[in-house]
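Read through the structure below, which is laid out as structure tokens, and then see the notes.
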Amino acid sequence: MPELPDVEGFRRVLRACAKGRTIQHVEVLDTGVLHEVSVRRLRDALEGRRFTEPERHGKWLLARTGGPTLMLHFGMTGQLLCADPQDPAEAHDRVLFTVARDRQLRYRDQRKLRGLWLADDEFEVARLLGGLGPDALTVDRDDFDAALTAHRGSVKTVLTDQGVLAGLGNLLADEILWRARLRPTSRASELDEADLGHLYTHMRRTLRSAVTAGRVPPRDSWLTGHRDDPHPVCPRCGGPLRRTRTAGRGTVWCPRCQ
DNA sequence: ATACGAGCCTGGATGC
DNA sequence: TGCATCCAGGCTCGTA
């Protein structure tokens, strides 16, 4: 699930729950989510440190501490929540960070497709984020145009390629393309000035709304609100939506509007 | 460079 | 009810 808006929501959770607080205890319930770091090193590095202002790039959340940086990626099923340490851990709670007597940050993830990394310094942070393109929420129009048109694949593939643009996932890409009235199979390199303008505008609008909501909202007026319907209908023109596969991912689009 | 499939992991829905 | 199969909004890797 988690795309840029969800991760931005997790960033807010982290800030509200733990910013300025000392990490008293790190408890790893499932080592399967740790990457390139042992339980021992994670605890030694973080316990006693204080969380500072968290950052986000694409779908990565950077939990800064003034020292090492905890890097979180949520895969398809991860989430971050603030709980009471007294509350029993749930089945998919993988790592718990107690930051106060009554506050505990929890990394919960059913499928464990991604997880947690620990960057000792900025070089490590840069290495982990190395292959990523500019963040979709802050990229300017020139960089957006340059990034997209440099690739010859289908526009949907390019939009969801984290190395081109960081943060857009399958749902957002479908939503943005539908709003911009572009077919997912259009070649990115062949988009004209007007297409790029629409894409950029709708990407920004869609992201802004979704970030406010903390996720891509399944509203009736959004394409996303209909992708799971048995016979999905376009909320704009009323025509039947089509389901196809682009780059191995389920794709929903309107053959009449797009 | 691009496309495609398999694989990582788990659970819910579907079909027999 | 039991069991197999497919599918899911993430990403990486190998091959063509």
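Just so it is clear, the model here is predicted, and its values are computed rather than measured. So that the names make sense, note that chain A is the first sequence line, chain B the second, and so on, each numbered from 1. The figures that follow rest on heavy atoms only: side chains count, while hydrogens, waters and symmetry mates do not.
Taking the P atoms as reference points, C:dC6 lies 15 Å from B:dG5, given to the whole Å. Nucleotides C:dG9 and B:dT14 have their P atoms positioned 16 Å apart, rounded to a whole Å. Rounded to a whole angstrom, the distance from the P atom of C:dC3 to that of B:dC9 is 23 Å.
The closest side-chain heavy-atom distance from A:R183 to A:P255 is below 4.5 Å.
Set against B:dC9, B:dA3, C:dG9, the side chain of A:N170 has C:dG9 as its closest nucleotide. With distances taken from any side-chain atom of A:M76 to the nucleotides C:dG9, B:dC9, C:dT12, the minimum falls on C:dG9.
Under the salt bridge (Lys or Arg N to Asp or Glu O under 4.0 Å) criterion, the residue pairs touching residues 141-170 of chain A are A:R141-A:D145, A:R141-A:E193, A:K156-A:D174, with sequence neighbours excluded.
When rounded to the nearest whole Å, the span between CG of A:L132 and C1' of C:dC11 equals 11 Å. Atom CG in A:D109 sits about 13 Å away from atom P in C:dG10, given to the nearest Å. Distance CG (A:D30) to C1' (B:dC8): 14 Å, rounded to an integer number of Å. A straight line from NE2 of A:H35 to P of C:dC11 spans 13 Å, rounded to a whole angstrom. The interatomic distance linking A:E3 (CD) with C:dC11 (C1') rounds to 13 Å, in whole Å. Atoms CG (A:L168) and P (C:dG10) sit 10 Å apart, rounded to a whole Å. Atom NZ of A:K112 and atom P of B:dG7 are 19 Å apart (whole Å). To the nearest angstrom, P of B:dC8 lies 24 Å from CZ of A:F74.
The side chain to side chain contact (heavy atoms under 4.5 Å, CB included) check on A:S38 picks up A:R40, A:R41, with sequence neighbours excluded. Residues passing the side chain to side chain contact (heavy atoms under 4.5 Å, CB included) test with A:Q24 are A:T98, sequence neighbours excluded. Residues satisfying the disulfide (SG to SG under 2.5 Å) test with A:C17, not counting sequence neighbours, are A:C82.
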Report each atom pair, protein N/O against N/O of nucleotides 11-15 of chain B, whose distance is under 3.5 angstrom.
{"from": "B:dG11", "atom 1": "OP1", "to": "A:H92", "atom 2": "NE2", "distance (Å)": "3.3"}
{"from": "B:dG11", "atom 1": "O4'", "to": "A:Q110", "atom 2": "OE1", "distance (Å)": "3.2"}

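For residues 208-233 of chain A, proximity to DNA chain B is found at no residue, defined as any non-hydrogen atom under 4.0 angstrom from a strand atom. Of the residues in residues 240-258 of chain A, A:R245, A:R249 come within less than 4.0 Å of DNA chain C through at least one heavy atom, sorted by number. Taking every heavy atom of residues 153-164 of chain A and every atom of DNA chain C, pairs under 4.0 Å involve A:Q162, by number.
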Could you give me the CA-CA distance, side-chain angles and deciding distance for A:R64 and A:T69, then say whether side-chain hydrogen bond (donor to acceptor under 3.5 Å, both in side chains) is met?
CA-CA 5 Å; A:R64 301 285 195 179; A:T69 299; 3.0 Å; yes
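Under 4.0 angstrom from either OP1 or OP2 of C:dC11 there lies at least one side-chain N or O belonging to A:H73. Under 4.0 angstrom from either OP1 or OP2 of C:dC11 there lies at least one side-chain N or O belonging to A:K59. Regarding contacts with the backbone of B:dT2, a side-chain N or O of A:H151 is found under 4.0 angstrom from either OP1 or OP2.
Counting Ile, Leu, Val, Met, Phe, Trp and Tyr side chains that sit under 4.5 Å apart, directly or through other members, A:F123 stands alone, with no cluster partners. A:W178 shares a hydrophobic cluster with A:L223, A:L241, A:V252; the chain of contacts runs through ILVMFWY side chains whose heavy atoms sit under 4.5 Å apart. In the hydrophobic clustering (ILVMFWY side chains linked at under 4.5 Å, chained through shared members), A:M71 is joined by A:W60, A:L62, A:W117, A:V125, A:L128, A:L129, A:L132.
Across all their heavy atoms, A:L81 and A:Q79 have their closest contact at CD2-OE1, 3.4 Å. For the residue pair A:L137 and A:L4, the shortest heavy atom distance occurs at N-CD1, 3.9 Å. Between A:L172 and A:G167, the shortest heavy-atom contact is CD1-O, 4.1 Å.
One finds the CG atom of A:D228 at 11.0 Å from the NE2 atom of A:H226 (value rounded to the nearest 0.5 Å).
Between the side chains of A:S209 and A:T212, no donor-acceptor pair of N or O atoms lies under 3.5 Å. Side chain to side chain, A:T206 and A:E175 fail the donor-acceptor criterion of an N or O pair below 3.5 Å.
With DNA chain B read from its 5' end, the first of the two nearest nucleotides for A:L113 and A:R187 is the one closest to A:R187.
Close placement of the A:F74 and A:Y107 rings is indicated, their centers lying within 6.0 Å of each other.
Proximity of a side-chain donor or acceptor of A:Q104 to a complementary backbone N or O of A:D87 within less than 3.5 Å is not detected.
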Using Watson-Crick and G-U wobble pairs whose two distances are both under 3.5 Å, how do you write the pairing of DNA chain C as dot-bracket, with | for links to another strand?
.|||||||.|||||||
